[in-house]
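For reference, the structure discussed in these notes is given below.
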Amino acid sequence: MSTNAKSFVLSFGLAVAFLSTMVGCGPSGISLSGTAAVDGVPISKGKISLVPKPNVDSPTAMAPILDGEFTIPADAQLREGEFEVRVSITADRAPRQELTFLGGGDKKSVGKALSKALKDAPPAEENFTSELDVTGSLDDLALNFSRSDKS
């Protein structure tokens with residue numbers, strides 16, 4: 001075999017090895033997607049977090065919940081194991097049209113201004129937790145929480 005042929009074979013072999021390595025470097029995590037509801041009603045807006053239990057070799061994975069649906073992609077690098085599932089829900093509220101300032105004045109006007117400020121305050125976040133054993137990718141995970149089970 002000539003020197004040029006040997007160089008070509010060596011170069012080709014190195015290129016194939018390099019490309020094989022690159023293909024293997026893609027996302028290797030687990031993907032999860034599904035629905036989340038409270039008392040049978042889909043969560044319109046919130047977020048989901050999967051926090052690994054001790055001794056689970058995985059990062060925490062988070063995703064938004066919109067119209068009851070969520071997706072944690074494989075590139076989040078989620079691994080198999082036991083997780084605490086944390087779901088936070090926020091209600092939509094129209095933005096405030098005006099600012100409320102409290103100045104001097106009588107108790108009635110101050111009380112009215114405080115009442116308006118509280119009414120316009122952003123809604124409280126509602127939180128739920130559960131546990132999940134992740135054993136592989138899922139695309140139809142259904143998470144259902146109940147307000148009566150909250151502590």
* Would you check, one step at a time, whether the test side-chain contact (heavy atoms from CB on, under 4.5 Å) holds for Phe70 with Ile43? => CA-CA 10 Å; Phe70 65 90; Ile43 296 169; over 6 Å; no
* Might you work through the side-chain contact (heavy atoms from CB on, under 4.5 Å) test for Phe128 and Leu143, ending with a clear yes or no? => CA-CA 11 Å; Phe128 297 88; Leu143 300 173; over 6 Å; no
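Partners of Ser88 by side chain to side chain contact (heavy atoms under 4.5 Å, CB included), not counting sequence neighbours, listed by chain and number: Lys47, Glu125, Asn127. Legend: residues meeting side chain to side chain contact (heavy atoms under 4.5 Å, CB included) with Glu69, ordered by chain and number and at least two apart, are Thr35.
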Which atom pairs, donor and acceptor, lie under 3.5 Å between side-chain atoms of residues 51-66 and protein residues at least two apart or in another chain?
unit_1 : atom_1 : unit_2 : atom_2 : d
Lys53  : NZ     : Glu131 : OE2    : 2.9
Ser58  : OG     : Arg79  : N      : 3.0

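Scanning both residues, Arg86 and Thr129, for their nearest heavy atoms gives CG-CG2, 4.0 Å. Pro42 and Gly68 make their closest contact through CB-CA, 3.9 Å (heavy atoms, listed as atom of the first residue, atom of the second, distance). Shown here for Val85 and Phe145, the closest heavy-atom pair between the two residues is CG1-CZ, 4.5 Å.
With values rounded to the nearest 0.5 angstrom, Ile72 atom CD1 is found 8.5 Å from Leu141 atom CG. Between atom OG1 of residue Thr135 and atom CD1 of residue Ile30 there is a gap of 7.5 Å, rounded to the nearest 0.5 Å. Note that CG of Leu32 is 5.5 Å distant from CG of Leu78, once rounded to the nearest 0.5 Å. For the atom pair CG (Asp140) and OG (Ser33), the distance works out to 7.5 Å, reported to the nearest 0.5 Å.
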